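Because the structure is a prediction, the values reported are computed rather than measured.
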Amino acid sequence: MVIKPCPTATTAFLLPKRLKLASLALAGGVSSSGNSSPDSRSVSTVTVTATATVASDTLPPGVDPRQPILFPSHMSSSEATQTVPRRKAWFPLGFKEAAQQWWTCVNARQAERNVLSFVPYIREASAEATGSQLQELAKSDPFGQRVWRSSLVSLSGKDRALNELAIERVGEQIEDTLVMLHGYGAGLGFFYRNFEPLTRLPGWRLYALDMLGMGNSSRPPFRIRAKDPKEKIAEAEAWFIDALEEWRKIRGIEKFTLLGHSLGGYLAVSYALKYPGHLNKLILASPVGIPEDPWAVNSEAPEPEESSFVNEFTQDQESIISGRSSNIPTPTSSDSESSNSIKIEGTMSAPPPKRPIPGWLSFLWDANVSPFSLVRLAGPLGPRFVSGWTHRRFNHLPPSEKEALHLYSYALFRQKGSGEYVLPYLLAPGAYARSPVIHRIDKVGRQVIQPATEDRPAVRETGFPIVFMYGENDWMDPAGGYAAEEKIKQACVKALMRAQTEEEREKENGGAKVVIIRRAGHHLYLDNPEEFNEAVRREMEEVMEERRRRQRRGWE
């Protein structure tokens with residue numbers, strides 16, 4: 001067999017002394033700039049074409065004939081018949097392609113619109129369109145008439161505005177609202193596979209928001225003026241949740257269901273505690289910062305030594321959704337709540353793998369060097385660096401969607417640094433919360449809405465359901481969700497014991513559960529959107545039933 005060169009640019013491979021580039025049967029030659037076998041040096045440089053091919057009829061099934069084959073030089077002849085798979089490149093995008101993307105990259109708003117173009121049925125409506133025009137625009141929608149609008153909602157203060165995507169059903173009375181918050185450094189466009197299925201229920205309106213300083217929201221300077229560690233945490237959280245509360249008032253929303261992913265889930269809990277009385281349900285999708293870590297909460301202790309956080313950059317989503325890797329045992333029939341999602345009681349038998357945290361990562365983390373600042377400093381190499389994450393994160397998607405999400409990610413990551421600098425204030429290296437949510441979760445839904453006065457007692461929340469959702473192969477440990485579930489249930493029992501009347505007991509609405517989405521990792525909403533959307537829709541239906549029950553009883 002002979003490796004046939006193609007008329008493309010050549011790429012240099014540095015091969016260790018005990019490796020050589022050989023044919024499948026060790027009988028062919030090699031097109032190289034030197035000898036066909038390594039010389040006596042510890043490293044030899046062999047130049048081959050990047051798209052060199054081999055005779056496809058000599059390869060076993062599943063081997064790409066376009067890739068070169070590497071063999072250890074000490075292989076026996078029988079071992080030589082076995083192929084050695086080539087290691088995947090950390091940054092698959094080439095230098096030339098990266099420079100071209102850097103030069104021609106569309107702005108972040110256009111990149112967002114390109115991603116939204118993959119949302120089926122729902123059409124964009126201009127602010128000037130009349131009701132009849134909207135109905136005509138959406139008449140092809142099989143699930144009712146739905147339209148979306150994108151706008152920048154101005155807030156008080158200088159350079160403060162939230163990027164908003166609103167989807168509503170034309171001609172229907174709005175009775176319930178779902179608000180979605182993305183994770184660290186991301187944007188609302190990552191939910192593009194959830195927008196259409198989650199707006200099929202009548203009477204619902206959906207808002208997806210870019211958090212302040214992220215996505216396509218405005219990017220004011222991020223400054224923390226507090227000196228005390230606890231005050232720093234409170235100020236950092238307030239930077240985001242104060243903007244969310246101001247947005248709620250502008251939109252005139254009294255109560256809503258809040259869904260937050262990762263950092264968005266952490267901040268959703270903070271919002272519920274600071275601004276009580278406005279949530280019907282809290283859905284936390286792989287939330288960061290739930291469990292306690294002794295190193296993260298003590299500023300005098302050493303930094304965490306290992307974490308599962310590294311899996312965010314090393315996990316291959318294609319292998320995750322194919323089921324070749326799993327962190328949980330195979331469920332029995334009693335474990336399944338339905339055919340679409342799994343609710344597993346107890347703790348995980350195989351927690352996510354933890355790896356040592358590199359010293360350089362801890363140093364950059366504590367120095368507040370944002371990973372996105374490295375993308376900006378890289379200039380023409382920025383798209384290449386981003387491809388190292390997007391190639392693994394989106395490799396289970398169709399090529400057109402994968403490319404649109406890569407360009408969208410790069411368009412966001414290259415923007416001015418702002419909210420991204422919150423990371424070391426809220427999380428220690430390895431994504432451990434400096435103020436773990438597990439210590440606060442039992443107070444969610446139990447806050448005072450109206451303080452007591454001389455003529456009336458204080459009005460308190462009577463609880464609301466909290467749902468923890470994790471991917472089957474999530475690097476975020478679901479054990480934190482199970483521990484939080486137990487604390488919330490204990491708080492519900494105490495609330496019922498304190499109730500003095502039957503009406504107070506009937507008003508009690510607290511509760512918690514953990515839902516595991518199969519064939520999904522940390523980005524469960526995109527890894528397995530069908531099961532994720534079905535699980536969220538069931539939670540939305542429960543919100544509708546509870547609202548109707550309270551209306552029948554005259555409580556709302």
| query | Among pairs that include at least one residue of residues 169-184, which meet salt bridge (Lys or Arg N to Asp or Glu O under 4.0 Å), considering only residues two or more places apart or in two chains? | reply | Arg169-Glu172, Glu175-Arg547, Asp176-Arg547
| field | ring-ring contact (aromatic ring centres under 6.0 Å, His included) involving His261 - partner list, sequence neighbours excluded | value | His522, His523, Tyr525
| query | Does Arg248 make a cation-pi contact with Tyr275, if we ask for NZ or CZ under 6.0 Å from the ring centre and within 45° of the axis? | reply | no
| field | Charged N-O contact under 4.0 Å between Glu539 and Lys513 | value | yes
| Closest non-hydrogen atom pair between Phe240 and Val422, with its separation | CE1-CG2, 3.5 Å
| request: List for me each residue that meets side-chain hydrogen bond (donor to acceptor under 3.5 Å, both in side chains) alongside Lys274, sequence neighbours excluded, and say none if there are none. | output: Asp242
| field | Sequence neighbours excluded, every pair satisfying salt bridge (Lys or Arg N to Asp or Glu O under 4.0 Å) that has a member inside residues 97-108 | value | none
| query | Of all residues at least two apart in sequence or in a different chain, which pass the side-chain hydrogen bond (donor to acceptor under 3.5 Å, both in side chains) check with Trp247? | reply | Glu164
| query | Is it true that Phe256 and Trp204 have ring centroids separated by less than 6.0 Å? | reply | no
| message | Under a 4.0 Å threshold between the charged nitrogen and the carboxylate oxygen, would Lys281 count as salt-bridged to Glu546? | response | no
| message | Could you work out, with side-chain contact (heavy atoms from CB on, under 4.5 Å) as the rule, every residue matching Thr462, not counting sequence neighbours? | response | Lys507, Arg550
| Aromatic plane relationship, Phe143 with Tyr121 - under 30° parallel, 30 to 60° tilted, over 60° perpendicular | perpendicular
| said: Quick test of your reading: applying salt bridge (Lys or Arg N to Asp or Glu O under 4.0 Å), list the pairs with at least one residue in residues 394-403, sequence neighbours left out, ordered by first then second residue. | reply: Arg193-Glu401
| So which pairs with a foot in residues 198-212 pass salt bridge (Lys or Arg N to Asp or Glu O under 4.0 Å), sequence neighbours left out? | Glu196-Arg200
| request: State which residues pass side-chain hydrogen bond (donor to acceptor under 3.5 Å, both in side chains) with Arg109; sequence neighbours excluded, sorted by chain then number. | output: Asn163
| Contacts of type ring-ring contact (aromatic ring centres under 6.0 Å, His included), residue Phe372, not counting sequence neighbours | Tyr184, Phe413
| Do Ser218 and Arg160 have side-chain atoms, one donor and one acceptor, less than 3.5 Å apart? | no
| message | Taking side-chain hydrogen bond (donor to acceptor under 3.5 Å, both in side chains) as the definition, give me every residue that meets it alongside Arg446, ordered by chain and number, with sequence neighbours left out. | response | Glu508
| said: Among residues at least two apart in sequence or on other chains, which ones pass side-chain contact (heavy atoms from CB on, under 4.5 Å) with Ala411? | reply: Cys105, Ala108, Ala111
